[in-house]
Structures are given as structure tokens and as C-alpha cells.
J.: 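Got a structure here, written out as C-alpha cells. Questions coming.
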Amino acid sequence: MSDEHHESAALHVSGEAVYTHDLAMRMRDALHAWPVQAVHAHARIVEIDPRAALACPGVHAVLTAEDVPGENDTGPVRRDEPLFPLEVTYHGQALAWVIADTEDQARAAAAQVVIRYQVLPAILSLSQAQAADSYHTPPRRIERGEPDRALAAAAHRLTGELYLGGQEHFYLEMQAALALRDESGEMLVHASTQHPSETQAVVARVLGIAENRVVCQSLRMGGAFGGKEVQANAFAAIAALGVIKTGRPVSVRLDRRRDMMITGKRHPFLARFDVGFAADGRLLGLRAELTSDGGYSLDLSEAILWRALFHMDNCYLLEHVRLTGRVAATNLPSNTAMRGFGGPQGMLIIEDILDRIARSVGLAPELVRERNFYRAPDSTHYGQPVRDAERIARIWVELKRDSQYEARRAQLDAFNRDHLHTKRGLAITPVKFGISFTATFFNQAGALLLIYRDGSVQLNHGGTEMGQGLHTKMRKVVVRSLGVSAEQVRIMPTRTDKIPNTSATAASSGTDLNGAAVQAACEELRARLLPFAAALLGCSESEVQISAGRVTCAAHAHTFALAEVVERAYLARVPLFAAGYYRTPDLYFDPQLGQGRPFHYFAYGAAVSEVEVDRFTGQYSLRRVDILHDVGDSFAPLIDRGQIEGGFLQGAGYLTSEQLCFADDGALLTRGASSYKLPGIGDCPPEFRVRTLDRASEPGVIYGSKAVGEPPLMLAVSVREALRDAISAFRAEASVPGRPIELACPATPEAVFWAIRR
């Protein structure tokens with residue numbers, strides 16, 4: 001297969017790709033686990049009685065806190081996530097696990113476990129948490145300039161608030177883990193996890209053993225989107241405990257309903273703001289308070305809040321600003337990482353503010369956005385220079401031109417004049433997204449490269465494959481850096497006994513970090529082979545060329561297979577393996593000062609979206625989308641295009657259709673695709689034009705490429721703003737004076753209908 005294609009494409013389309021639960025189904029002696037779930041949002045557990053369950057057919061054990069030999073906690077940052085809780089902290093929480101011969105037997109037996117509760121008051125919303133002063137963190141702050149003075153002096157001023165709903169990850173493969181004893185009697189865990197090293201550490205912590213006695217492997221995932229960065233750890237720990245209890249392999253796999261009930265989502269946010277601005281729409285001063293719903297435990301919520309504060313600027317200069325944020329504690333599932341990691345919430349808030357400013361002074365929103373863009377030598381509100389600020393303006397101008405924005409605006413206005421009950425909206429919005437883990441120590445990666453005597457290569461690296469194409473890009477790095485053909489490279493499963501202490505595949509940094517580590521290993525191995533190649537060819541090392549598994553010299557026509565060079569190196573007792581390592585340079589951030597350089601670089605983009613809205617139902621269609629996105633020098637264009645298209649549509653779902661609903665008792669009501677509206681093929685625009693920015697090489701990054709996992713998600717803000725533009729057309733027809741248009745998030749058809757009515 002060509003190295004342009006996804007390395008598992010044939011396996012995916014044929015159904016032959018193997019996932020974690022497939023491994024369990026191939027084992028005759030594997031047992032299966034099923035959770036016993038809480039029926040209250042907050043309660044003290046008086047008693048768990050497993051006797052009836054243990055009497056059911058096929059049942060081997062009911063796991064409770066008494067079965068934990070180590071630490072009964074899986075919290076990634078703070079020890080606040082008991083694996084077997086003594087107190088229920090959200091509806092649907094797993095309190096015990098039944099281990100049986102089959103999933104069906106385990107499910108039936110789980111219903112027989114008797115639990116007696118003492119019900120306690122529950123906090124089920126952000127407003128209730130604020131009223132009860134229920135928080136996981138103290139306030140965090142970023143401040144620059146003199147916001148109070150700037151607000152007082154501003155000619156125009158607006159206050160308001162915006163509530164942003166959560167979002168379900170809805171990965172195709174649900175949470176899954178398989179644990180068994182390896183050939184030496186130690187614990188081997190196969191897990192659908194983005195962070196095998198952390199899964200290894202958590203399993204070791206729960207078992208009370210050293211980490212070197214646990215090996216975690218992530219073969220591949222059927223999607224993750226951040227939902228398997230830390231929340232996969234608990235399910236791996238349950239599987240491992242099951243092995244200790246029963247002596248047999250144990251599989252944990254959630255069905256869709258329980259996956260949605262047990263796991264966390266994208267954080268809902270409530271923002272309150274006070275903004276001052278000039279008559280021409282320029283931002284003068286801003287104060288904003290952000291509160292996120294962390295759920296019952298801290299998880300990664302504090303880091304997510306920080307990224308929301310970082311991304312409150314999006315592409316705009318905030319010269320006088322004070323941003324504060326807190327993570328609220330509620331009796332809901334613990335919200336967690338999701339594509340964008342708080343960045344989308346911060347970006348959406350500032351975009352909403354700018355639209356309100358534009359409509360309050362009667363200016364086109366795109367004009368107000370443009371007037372507030374960063375320009376050299378501006379820096380962010382947290383002190384990082386925006387050294388490539390000109391890319392924002394360049395993308396903006398090129399996209400407006402290529403999408404025929406002005407001409408389409410005139411056509412759209414004519415359509416709206418002629419149609420009473422249907423209106424069209426058009427909007428262009430930008431994206432600036434910081435690339436790096438904001439926890440500096442995570443910005444490191446390792447690789448292990450092995451070349452065999454026949455010239456074939458095995459590559460081990462610390463990144464995980466979740467369908468995004470990371471393995472494909474890593475293979476391309478080997479092809480390009482070492483000079484072998486794609487067919488000669490085998491990507492090995494990600495394992496903690498090959499690459500230790502890895503970082504999660506997250507923060508859009510998988511290619512940057514692992515690619516640089518792989519390149520370092522390739523360069524070391526290539527340097528060892530060059531003297532032997534030069535000797536074979538009879539030329540200097542500088543003249544040697546290695547490509548597609550052949551060794552040539554520019555000075556003459558002689559050519560040799562790389563395998564011949566490798567054999568000579570082997571006979572000379574030269575090591576044919578190399579370890580590569582990379583750490584991102586010059587990153588730092590002081591949380592006390594709210595200042596630093598947390599990002600290696602910024603990725604940019606912009607999108608134009610056009611919608612059509614029905615007056616009577618609020619139903620809408622996405623007619624056309626134009627995207628211009630900055631991926632640097634792409635070395636995997638098909639992979640990058642897929643990420644741009646998929647990210648945009650996932651963002652559109654977040655902003656327009658995906659609505660999480662909870663009952664009054666805290667139970668999740670939207671538990672599957674029948675009640676949780678995901679964007680489908682029918683929601684794709686009939687015209688979907690995607691282009692990547694030319695002449696955009698990024699210095700100091702693998703092959704000049706840029707991260708593309710998270711940045712495209714919030715190109716979808718253009719869809720929400722296009723809906724607002726259509727709503728404004730109904731308002732203009734009704735001769736309503738100019739004022740901000742409040743639009744709920746997600747902007748479902750119902751929300752659009754009520755916005756039209758208002």
C-alpha cells in the first residue's frame with residue numbers, strides 16, 4: 001500500500017482490524033465484567049449485598065473495595081476517584097463489578113446485587129454549585145493592562161453571560177480493557193487508552209505493585225477524542241483486579257448506554273462578561289469570569305480551565321483584560337478532556353462577545369473581527385509573542401477572496417428580501433490554537449527503531465493510534481529520514497515495555513513529539529550505516545543517497561539494496577537499533593503570575609459557512625462551507641484533510657445539535673444515538689471546499705508541518721454565526737432595533753426557533 005494511505009485502511013474497510021475486545025473474544029477462558037450502577041446522584045452506601053448475584057449461573061466473583069490490594073483510587077491528578085466508592089457521587093456510578101463467563105451472565109447477575117443507600121442532597125447544575133460555593137479549585141487568573149480603567153473610559157459597554165453545553169465523545173469503540181497474566185506471571189493489560197504509561201501506573205497503584213510488573217499495550221482505538229486520556233484507566237484496573245480475584249483473563253467492555261452514563265464529557269461552561277469597546281468595534285477592556293462544570297472529581301479540569309483562559313483571545317488582541325476561572329464540583333460524571341481541551345469554550349466566548357459588539361453598533365461582524373486581529377509585534381494576554389500574526393490576516397483575505405464572500409453576501413441579501421419565511425445566513429470566523437501540552441513536562445517523547453539484516457524495520461514509539469493517522473505519519477518519517485520503502489516498515493503496537501514514561505497522545509502533539517523522536521532515531525541509525533554505504537559505492541558519505549530501500553551515489557550509476565549495507569554493518573558489529581528522544585524547547589508558564597510561553601507555536605485557519613433557516617420550525621441546513629487551514633508543510637495531505645473535515649463536522653455537532661439532557665435526579669437521559677443528535681452524512685454541506693495554506697512551513701517542527709487534530713474543530717463557529725446572521729435577517733424584516741442576538745449553545749433548531757421569536 002502507498003505511504004499516502006492510512007496504514008490500517010485495508011484492515012478498517014475489510015473489518016479485519018483488531019481492537020481490544022476482539023482479543024478477548026479470541027480467548028476461550030476470558031471472563032467478562034459488568035458494572036453495578038448507582039441509582040442516586042448522591043448517597044451514602046449503607047450495604048452492598050452480592051449473595052444473590054454470586055448464586056447466578058456463570059458468576060465467578062463480585063468485585064468490591066475489599067478486593068483492592070493497593071490503593072482504591074484512580075484519580076489522575078488528585079486522589080479523588082475511588083474505584084469502589086463508599087459514597088455515591090453521581091447517578092450511574094459503578095459501585096461494584098460482576099465477573100462471569102459471559103457478558104450476558106454478568107449483566108443479569110449485576111441486577112441481583114442489593115445495595116442499600118442513605119440518600120443525600122445533590123448538586124446537579126452550575127448554578128446550584130455556585131449557590132452552594134461548591135468548587136474543586138480556587139480562582140485562577142490571567143490579567144494584563146488596566147481593565148477597570150479601560151472599561152470605565154470606554155464609549156460603549158456591554159454585560160452579558162453565555163452558557164455552553166457539554167459534548168459526548170461518542171467514539172465508535174466504547175471503553176474496553178483486557179487483563180491477563182503474561183508468560184512470566186506478571187500483569188499484561190490491553191487497553192483502549194490514549195495514555196498507556198498512565199494506565200500502567202494506575203493499574204500498578206491499584207494492585208499495590210511496582211510499575212515494572214505491569215505492561216500496558218494499546219493496539220489501536222476506534223476513536224477517543226480525549227475520552228480515553230485518563231478515563232480508560234479505571235476500566236483497566238477493574239480488569240486487572242478481576243485477574244487477581246479469579247486467576248483468569250478478564251475483559252471489561254461497556255455498551256453505549258453505560259459508556260455514556262459512566263464517563264465524563266466536554267465541560268459545560270458559564271461565562272459572565274463586561275466588555276468596553278469603541279464605536280468602530282475595537283475592544284478596549286474586558287472582564288470575564290468562567291466557571292466550568294467539573295463533575296464529581298477534578299480529573300483534568302484545572303488544566304482544561306487554564307486552556308480556556310489561554311484561548312479567550314482566539315485571534316484578537318486583549319490589551320486590557322482580567323480573566324478568572326473556577327472549576328465547579330457537581331454530582332455528575334467527572335468531565336474530562338475532549339478535542340480542544342477547553343480551548344473551544346474560550347474561543348466561542350470571545351466570538352460571541354464580538355458578535356454582540358458588532359450588532360450593538362450596527363457593524364458587520366466580520367469587520368469587527370478583522371479590526372481586532374493580532375498584528376506584529378503583539379503578544380497574548382499571558383505574555384507569549386504572536387510571532388506569525390500576519391498569517392491571520394493572510395488567511396482572512398485569501399479565504400474571503402476564494403469563497404467569493406462579498407458577492408455571496410449581496411446574493412444572500414437579495415434572497416432574504418424575496419423570501420418571507422426562509423432566510424439565509426453567511427459568516428466567516430477565524431481560529432488560532434496553541435500547540436503543546438500546557439503541563440510542560442508532558443512535552444517529551446521517545447522512539448525505538450530496529451533494522452534487521454534483510455533491511456526491514458520495526459518502529460516503536462510512544463504515541464497511540466485512534467484512527468487519526470499517527471502511525472501513518474510515523475511510517476512516513478521513517479521512509480523519509482531513513483530511506484526505506486513503506487513496505488519495509490512495520491509499526492509495532494504501543495507498549496510500555498518498549499517506550500517507558502510516555503505522554504498521552506493528546507494536545508494535537510502526537511506527530512510533533514513522536515515524529516521528532518522517530519526522526520532522531522532514524523538519523524542516528526543512518527549515520528551508522530553511511531560509512532558502509534560509502535565504502536560499497538566508492539564515494540564520500542556526503543554523496544550517498546538512500547531512498548526506497550536503495551543506496552546510490554550521484555557520482556556514478558552503481559546502486560545497492562539497503563539490506564547489503566545493513567549486512568556489512570552487522571558483520572562489523574555495529575548496533576542496528578537506535579533510541580530517539582525529543583523534548584519541546586523553550587516552554588514555561590507561571591500559574592501564579594498567569595504569564596509565560598506555554599505553546600510551541602500557533603495553528604491558524606478560517607471558515608465561511610452559509611445556512612438556510614425556516615421561520616416556523618427553526619430547522620436549518622448547511623448549504624456551503626469554505627475552509628482555509630494552516631497545516632504548515634503537510635507531509636500527509638490526505639490524513640490532514642480528513643482531520644480538517646472531521647474536526648469541522650464534530651465542532652458543528654457540538655455547536656448546533658449535540659445536547660446532553662439530565663433528569664431531575666441526575667440521570668443522563670441522552671444515552672445513545674436515538675436521543676443524542678450526532679451530525680450525520682445528511683448534515684454535511686453539499687459544497688464542502690477545503691484548502692490548506694500555501695507557503696506555510698513552520699520552523700522547528702518535524703518537516704515544517706503543523707498539528708491538525710484539534711485546531712479545525714472551532715472552524716465550526718462559522719456555522720453558529722451564520723445561524724445568527726440568518727436570525728438577524730428575520731429581525732431586520734420585523735424592524736427590530738439593533739441589539740445583540742442571544743443564541744443558545746448548542747444552537748439546536750429549537751434554540752434557533754426561540755431566537756427568531758425573541
Side-chain angles (χ1 to χ4, degrees), residues 158-165 167 266 269-275 277 281-283 286 288 290 307-318 321 323 340 342-361 363-374 380-381 392 395-396 399-400 405 425-434 602-609 611 625 627 629 647-648 650-656 710-728 740-747 751-752 755:
L158 278 175
T159 60
E161 69 177 41
L162 178 66
Y163 177 79
L164 314 176
Q167 185 182 22
R266 184 187 298 282
F269 267 67
L270 176 64
R272 294 191 172 101
F273 58 85
D274 184 352
V275 61
F277 51 97
R282 287 180 299 109
L283 284 163
L286 174 64
L290 278 58
R307 190 174 276 265
L309 297 175
F310 290 145
H311 283 73
M312 270 288 291
D313 60 338
N314 195 14
C315 290
Y316 313 110
L317 176 64
L318 305 180
V321 61
L323 306 176
Q345 291 94 321
M347 296 158 73
L348 183 59
I349 293 164
I350 192 63
E351 292 295 343
D352 196 88
I353 289 171
L354 285 174
D355 189 273
R356 295 188 192 207
I357 289 173
R359 298 189 190 282
S360 69
V361 294
L363 294 172
E366 62 268 23
L367 180 61
V368 170
R369 289 186 167 95
E370 187 174 336
R371 285 176 176 170
N372 284 287
F373 281 164
Y374 279 116
T380 66
H381 51 299
I392 303 170
I395 289 171
W396 194 257
L399 182 60
K400 288 184 74 174
Y405 189 86
L426 185 69
I428 178 171
T429 58
V431 160
K432 175 181 71 67
F433 195 88
F602 298 107
Y604 301 98
V608 172
S609 291
V611 299
V625 172
I627 290 173
H629 196 70
F648 175 87
Q650 189 173 45
Y654 166 47
L655 298 178
T656 66
E710 293 167 299
L713 185 93
M714 291 312 283
L715 294 169
V717 171
S718 60
V719 180
R720 184 173 186 268
E721 296 309 306
L723 289 171
R724 192 173 353 224
D725 189 57
I727 294 166
S728 74
I741 295 172
E742 295 186 11
L743 182 59
C745 188
V752 171

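Each residue takes its place number in the sequence, starting with 1.
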J.: Treating Q167 as the side-chain partner and Q650 as the backbone partner, does any N or O pair qualify as donor plus acceptor under 3.5 Å?
T.: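 Checked: pair present.
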
J.: Is it the case that the side chain of R307 and the backbone of G434 share a donor-acceptor pair, with hydrogens and angles ignored and the cut-off at 3.5 Å?
T.: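 Indeed, once roles are kept as given, a pair shorter than 3.5 Å links the two residues.
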
J.: Closest approach of K432 and H311, non-hydrogen atoms and distance?
T.: O-CD2, 3.7 Å

J.: Going by heavy atoms in the side chains, are Y405 and L399 under 4.5 Å from each other?
T.: no

J.: With distance as the sole test, does E161 use its side chain to make a donor-acceptor pair with the main-chain N or O of R272 at under 3.5 Å?
T.: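 A pair under 3.5 Å: no.
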
J.: Show the nearest heavy-atom pair for residues A607 and L715, with the distance to one decimal.
T.: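 Taking A607 first and L715 second, the nearest heavy atoms are CB-O, 3.5 Å.
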
J.: Working to the nearest 0.5 angstrom, can you tell me the gap between S718 OG and E366 CD?
T.: 12.5 Å

J.: Got a second to check how far F273's CZ is from L323's CG, nearest 0.5 Å?
T.: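 If we round to the nearest 0.5 Å, F273:CZ and L323:CG are 12.5 Å apart.
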
J.: Identify every side-chain donor-acceptor pair in residues 342-350 under 3.5 Å, counting partners at least two apart or on other chains, and give the distances.
T.:
| unit_1 | atom_1 | unit_2 | atom_2 | d |
| --- | --- | --- | --- | --- |
| Q345 | NE2 | H267 | O | 3.0 |

J.: Under the salt bridge (charged side-chain N to carboxylate O under 4.0 Å, His left out) test, which residues partner R371, sequence neighbours left out?
T.: none

J.: Restricting to salt bridge (charged side-chain N to carboxylate O under 4.0 Å, His left out), what partner residues turn up for R356, sequence neighbours left out?
T.: D352

J.: Quick one: list whatever passes ring pair (Phe, Tyr, Trp, His ring centres under 6.0 Å) with F373, sequence neighbours left out.
T.: Y316, W396

J.: Distance-only, no hydrogens or angles: does the N372 side chain make a donor-acceptor pair with backbone N or O of G281 under 3.5 Å?
T.: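 Here the side-chain-to-backbone pair exists.
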
J.: Would you call R359 and R724 a side-chain contact if the rule is heavy atoms closer than 4.5 Å?
T.: yes

J.: Determine whether R369 and E721 satisfy the following criterion, salt bridge (charged side-chain N to carboxylate O under 4.0 Å, His left out), listing intermediate values before the conclusion.
T.: CA-CA 12 Å; R369 289 186 167 95; E721 296 309 306; 3.6 Å; yes

J.: What's the spacing between I627 CD1 and I395 CD1 if we round to 0.5 Å?
T.: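 The CD1 atom of I627 sits 12.0 Å away from the CD1 atom of I395.
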
J.: Between D725 and G425, what is the shortest heavy-atom contact and its length?
T.: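 Minimum heavy-atom separation between D725 and G425: OD2-CA, 3.4 Å.
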
J.: Taking only residues two or more places apart in sequence or in another chain, which ones pass salt bridge (charged side-chain N to carboxylate O under 4.0 Å, His left out) with E742?
T.: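 None.
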
J.: With side chain to side chain contact (heavy atoms under 4.5 Å, CB included) as the criterion, how do M312 and L286 come out once you've worked through the C-alpha distance, each side chain's angles and the decisive distance to 0.1 Å?
T.: CA-CA 11 Å; M312 270 288 291; L286 174 64; 4.2 Å; yes

J.: Hey, does P740 have a side-chain heavy atom less than 4.5 Å from the side chain of D355?
T.: no

J.: For the residue pair N314 and P430, establish whether any side-chain heavy-atom pair is separated by less than 4.5 Å.
T.: yes

J.: Residues in side chain to side chain contact (heavy atoms under 4.5 Å, CB included) with A744, at least two apart?
T.: A751

J.: Please report the shortest heavy-atom distance between V431 and P711, naming the atom on each side.
T.: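 What the structure gives for the nearest pair is CG1-O, 3.5 Å.
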
J.: Is there a side-chain contact between V361 and F277 in this structure, where contact means two heavy atoms from C-beta onward sitting under 4.5 Å apart?
T.: yes

J.: Output yes when a side-chain donor or acceptor of H629 lies under 3.5 Å from a complementary backbone atom of Y604, and no otherwise.
T.: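 Such a contact is found between H629 side chain and Y604 backbone.
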
J.: Can you give me the closest heavy-atom contact between A722 and A427, atom names plus distance?
T.: N-CB, 3.4 Å

J.: Out of curiosity, L743 CG to I727 CD1, how far, rounded to the nearest 0.5 Å?
T.: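 The CD1 atom of I727 is 4.5 Å from CG of L743, to the nearest 0.5 Å.
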
J.: Measure the CG-CE distance between L655 and M714 for me, rounded to the nearest 0.5 Å.
T.: 5.0 Å

J.: Of the non-hydrogen atoms in S728 and I741, which two are nearest, and what is the gap between them?
T.: CB-CD1, 3.5 Å

J.: Report yes if the side chains of L283 and L317 come closer than 4.5 Å at any heavy-atom pair, otherwise no.
T.: no

